[in-house]
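Below you'll find the structure, written out as structure tokens, and then a few comments.
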Amino acid sequence: MTKNVIVVENLTKNYGNGRGIFDVSFEVKEGEIFGFVGTNGSGKTTTIRNIMGFIRPDNGRVLVKDMDSWKDSCEIKRFIGYVPGEIAFPDLQTGREFLHLQAEMLNLKNIDYANTLIKKLQLDASARLKTMSKGTKQKTAIVHALMGDPEILILDEPTTGLDPLMRVTFVDIIKEEKRRGKTIFMSSHIFEEMESTCDRIALIRDGRIVDIADMEKIRNHGIRTYKIAFTTPEEYEKFLTETSFGKKDLKPIYNQLLVDIRIDEINVLFDALKNYSVRFIAENKYTLEQYFAKKFNAAEGTESC
Amino acid sequence: MLSKPLLFQSIKSNWILWLVCSLTMAAMISIINTVLGTQSVTTFRIDALKIFEYTIALARYNLSIKGLIEALGFNPKILDVWLDFNVNDMMDGMYYTVGCMLIPMIYVVITSNKLLVDQVDRGSMAYVLSTPTKRSKVVVTQMFYLIISVLGIFIIQAAAGIISQIIVSKTVDVWRVLLLNFGAAVVTLAIAGICFLGSAYFNYSKYSYAFGGGLCVFFFLAKVLGLFGDPMFATVGLGVESMGYFNYMSILSLLDTKSIAELSFTFIWKFAILLVIAGVTFGMSVYVFNKKDLSL
């Protein structure tokens, strides 16, 4: 049994006018990367502020390593590295100066790991904090969160401002941290980014958890969808009438359609396709976005398509 | 009780403003001492013999000096006021309760806001509080910086005042300079406590600035308006005595320069009131900051 490192229980923080978070519950297990997705204003940051003990819940509570995050907000910080959603640095000169001061606050004698991270992220720590670009600021914040080698990482939209290459580096760093046994909680509004890193992902909308998805299940989703295009309208019509696969999204102008098929029946499809003249075939990956879209629609009682 | 790295950070981001304020104050007091120079202990040169002669002469026609002064349109109390008048006392009153307070008030408004609410509003407080540093430790450290820096400003001003006066007039009433500066420092600390409480209470800089800055402007204006009720001005028609009520509306009036000049000890309980205001507001700041939601 893996331990729960973060437990969020019926957490409610009502800001009025339907804003805030309502009855949010989930657990983050030791050693996992837990993703938290939702649109802007859906309550991600509010939840994170509760976990950090910056705001007091109206109802419910958050336990971090069995400590109440509001009452023991100082003690839990011994185990947490944090990247805030909004990056604003103290009134200091350079990135290096800032990191050194933070190291002192963390009582950190050895800053080798910080230097390793600086190298990995190609961070120019001698840049002035005021004139830093958004990406550089973000890198500085990431180094700050990780340099103390904390057990838990809480990252609020950590890739904002990073260029695509840096995002890849960041994901590598996060995976490396996971390998070293860290528990990671990160929020984002970018689905793809979460798909490739997280073990489990919670979707929050209008302050309520819609669903918690297990990425393993989504990756090994039982049904595959293929997009198939035929060379001629005749071939397209023939396939449509002669076979009984689950077809959808018919596009006669392109002689193109989608086929849903169970993973163990793929060969049946390919066998059947031998008899037709196929222009191309491509797999439509089942994404987190589709998964959540389905959940959304189900929740709203409309037919999924 | 204090976070050394945070204190270091506060010094690093606030020392320039502190230095500018301290040096300006030191320069101001030195210039005043130089300009007043040797006049510092003189009063009006009233010639008692001449007055006596006039009194006798006027009495022959059933007239009095008082009547003459009234005929000139002045308040007859003017003689008493003039007899009491001492340019040094007046300058002390004007300078320590009005003139020299503007800069420390500006310093206190800016610095108390920078120490807490600005960092909460901008979000940079997140870095301090994501380390195992208690909120109370953060407030106490910032408070410590504010108090020490305010005291520092007045220590520098007192030193400049004493030194410049020695250079100009060879003598100096050290205790009086120290008491006046201590008093002005205590007034500033009470104001600092109020501003700091605003900084701890509000989540937005703009509200905190409006609160602290607004109160300071009010205190300052009330004190200036109160000056027009000063007997010195009222008797010569430059003010109205009832304007003196404004003095009761300003915290700056709790520095009783007259009492300090006479060493009459009423200034001591006024100091006590100021210290209580400072103590209560600073204490409340810690409480409020510990309890509130921080959007970090």
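In what follows, every chain begins at residue 1, and chains take the letters A, B, ... in the order their sequences are listed. Since the structure is predicted, the reported quantities are computational estimates derived from the model, not experimental observations.
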**Nearest-0.5 Å distance, CE of residue A/M52 to OG of residue B/S130** = 5.0 Å
**Request:** Could you tell me whether a side-chain N or O of B/R122 sits under 3.5 Å from a main-chain N or O of A/F89, the two making a donor and an acceptor?
**Result:** yes
**Asked** Which distance, rounded to the nearest 0.5 Å, do you find between the OG1 of B/T131 and the NE2 of A/H144?
**Response** 7.0 Å
**Message:** With rounding to the nearest 0.5 angstrom, report the OH to CG distance, B/Y127 to A/L106.
**Reply:** 12.5 Å
**Prompt:** More than 12 heavy atoms of other residues, nucleotides or ligands under 6.0 Å from CZ of A/F22: is that the case?
**Reply:** yes
**Complete:** In terms of heavy-atom pairs under 4.5 Å with chain B, the winner among A/I154, A/D156, A/L101 is A/L101
**Message:** Tell me which of these, B/A126, B/P132, B/S13, has more heavy-atom pairs under 4.5 Å with chain A than the rest.
**Reply:** B/P132
**Message:** Which atoms of A/I76 are under 4.5 Å from chain B, going by heavy atoms: the side chain, the backbone, both sets, or neither?
**Reply:** neither
**Message:** Can you tell me if B/N203 has over 12 outside heavy atoms packed within less than 6.0 Å of its CG?
**Reply:** yes
**Atom OH of B/Y204 with >12 non-hydrogen neighbours under 6.0 angstrom** = no
**Message:** Are B/S295 and A/R49 packed together at the side-chain level, in the sense that at least one heavy-atom pair is separated by less than 4.5 angstrom?
**Reply:** yes
**Message:** With a 4.5 angstrom heavy-atom cut-off, is it the side chain or the backbone of B/Q9 that approaches chain A, or both, or neither?
**Reply:** both
**Request:** For each of B/R135, B/M125, B/K137, B/K4, tally heavy-atom pairs with chain A at distances under 4.5 Å, and name the one with the top tally.
**Result:** B/R135
**Request:** Count the heavy atoms of every other residue, nucleotide or ligand shown that sit under 6.0 Å from CE of A/M67, and state whether that count exceeds 12.
**Result:** yes
**Request:** Could you tell me whether B/Y95 atom OH has more than 12 heavy atoms of other residues or ligands within 6.0 Å of it?
**Result:** yes
**Request:** Among the options A/E97, A/E86, A/H100, pick out the one with the most heavy-atom pairs lying under 4.5 Å from chain B.
**Result:** A/E97
**Prompt:** Hey, does the side chain of A/K77 reach the backbone of B/L129 with a donor-acceptor pair shorter than 3.5 angstrom?
**Reply:** yes
**Asked** Got a second to check how far A/D91's CG is from B/K12's NZ, nearest 0.5 Å?
**Response** 11.5 Å
**Message:** Can you confirm whether more than 12 heavy atoms, excluding those of B/Y287, are under 6.0 Å from its OH atom?
**Reply:** no
**Item:** Engaged part of B/S10 at the chain A interface, taking heavy atoms whose separation is under 4.5 Å
**Value:** neither
**Request:** Specify the closest pair of heavy atoms between B/S124 and A/P90, including all atoms of both residues, with the distance to one decimal.
**Result:** CB-N, 3.5 Å
**Prompt:** Just by modelled atom types, is the B/D293 backbone N or O under 3.5 Å from a matching donor or acceptor in the A/R56 side chain?
**Reply:** no
**Message:** Counting only heavy atoms from other residues, nucleotides and ligands, does the tally under 6.0 Å from CZ of B/F8 exceed 12?
**Reply:** no
**Prompt:** With only heavy atoms counted, which part of A/F79 is less than 4.5 Å from chain B, the side chain, the backbone, both or neither?
**Reply:** neither
**Prompt:** Do other residues, nucleotides or ligands put more than 12 heavy atoms under 6.0 Å from A/K178 NZ?
**Reply:** yes
